[in-house]
Amino acid sequence: QVQLVESGGGLVQAGGSLRLSCAASGRTFRNYAMGWFRQAPGKEREFVVAISQSGGITDYADSVKGRFTISRDNAKNTVYLQMNSLKPEDTAVYYCAAAPGYYTVPRLYDYWGQGTQVTVSS
């Protein structure tokens, strides 16, 4: 089992920044690829970004490229999502997830956090 706890969400004006954190406990964090996903009201959960076990490989959704940056600190069992130039359409609940392989598809992730709300006002 891997337990994931997100933090750092909140309300921000358009153009602002937030940094999300996801702290992991349980099984060895470095063995898992990590992803961030988001779900807006009435919409399906969508991929935002993934990072490989070592941190050497990342993939971003087109909608966040150049604005969001994922990183991980395997010594601290934590993955981060730096979000800059936020837009109202970024408003959603953001979830971190862990998978034994490197994926961008939500259904292939085994462990999920409870989510953190990000609201961007115009």
Side-chain angles (χ1 to χ4, degrees):
Q1 288 285 342
V2 176
Q3 292 79 41
L4 302 171
V5 179
E6 302 99 334
S7 61
L11 173 65
V12 64
Q13 288 189 333
S17 298
L18 283 174
R19 188 194 196 202
L20 305 184
S21 298
C22 174
S25 60
R27 294 189 175 181
T28 308
F29 177 71
R30 65 177 180 271
N31 290 342
Y32 289 85
M34 299 296 295
W36 285 96
F37 299 83
R38 65 188 182 186
Q39 188 165 18
K43 295 188 177 181
E44 292 187 355
R45 190 168 298 188
E46 66 173 0
F47 168 76
V48 177
V49 60
I51 188 167
S52 64
Q53 288 86 334
S54 66
I57 301 172
T58 57
D59 276 287
Y60 293 85
D62 288 343
S63 58
V64 307
K65 280 181 182 176
R67 301 188 298 122
F68 290 11
T69 303
I70 191 172
S71 61
R72 66 187 295 163
D73 186 337
N74 285 345
K76 295 183 178 180
N77 290 354
T78 303
V79 62
Y80 304 97
L81 182 63
Q82 178 66 44
M83 304 186 296
N84 299 330
S85 301
L86 282 161
K87 304 175 181 180
E89 51 263 44
D90 294 319
T91 295
V93 177
Y94 283 71
Y95 299 89
C96 70
Y102 183 73
Y103 308 114
T104 61
V105 179
R107 64 179 174 85
L108 297 179
Y109 280 74
D110 294 331
Y111 303 103
W112 292 83
Q114 81 289 350
T116 185
Q117 177 70 47
V118 171
T119 302
V120 184
S121 64
S122 56

* Minimum-distance pair of heavy atoms, taken over all atoms of F68 and L81 -> CB-CD1, 4.1 Å

* **Audit row: Q53, R30, side chain to side chain contact (heavy atoms under 4.5 Å, CB included) steps and yes/no** => CA-CA 6 Å; Q53 288 86 334; R30 65 177 180 271; 5.9 Å; no

* Structure fact -> Closest heavy-atom pair, F47 versus D59, reported as atoms and distance to 0.1 Å, is CZ-O, 3.3 Å

* Asked: Can F29 be reached from Y111 by stepping across I, L, V, M, F, W or Y side chains whose heavy atoms are under 4.5 Å apart?
  -> yes

* Asked: Does the side chain of D73 come under 3.5 Å of the side chain of Y80 through a donor N or O and an acceptor N or O?
  -> no

* To do: Grab the two heavy atoms, one from W36 and one from S21, that are nearest each other, plus how far apart they are.
  => CH2-O, 3.8 Å

* Transitive ILVMFWY side-chain link V105 to W112, under 4.5 Å -> yes

* **From CA spacing to verdict: side chain to side chain contact (heavy atoms under 4.5 Å, CB included), V118, R38** => CA-CA 9 Å; V118 171; R38 65 188 182 186; over 6 Å; no

* Structure fact -> Paired with F37, the ring pair (Phe, Tyr, Trp, His ring centres under 6.0 Å) test is passed by just one of Y109, Y94, Y95, namely Y109

* Asked: Are the charged groups of K87 and D90 less than 4.0 angstrom apart, N to O?
  -> no

* Does E6 reach the main-chain N or O of Q114 with its side chain, forming a donor-acceptor pair under 3.5 Å? -> yes

* Write down the atom of A33, the atom of R72, and the distance for their closest heavy-atom approach. => CA-NH1, 4.0 Å

* Asked: Has the side chain of T78 got a donor or acceptor atom that lies under 3.5 Å from a matching backbone atom of A23?
  -> no

* R45 versus P106, closest heavy-atom pair with distance -> O-CG, 4.3 Å

* To do: Take I70 and Y60, measure what side chain to side chain contact (heavy atoms under 4.5 Å, CB included) needs, and give me the verdict at the end.
  => CA-CA 9 Å; I70 191 172; Y60 293 85; 3.5 Å; yes

* Asked: If you look at every heavy atom in P88 and A14, which pair is closest and at what distance?
  -> CD-CB, 4.1 Å

* Output yes when a side-chain donor or acceptor of Q117 lies under 3.5 Å from a complementary backbone atom of L11, and no otherwise. => no

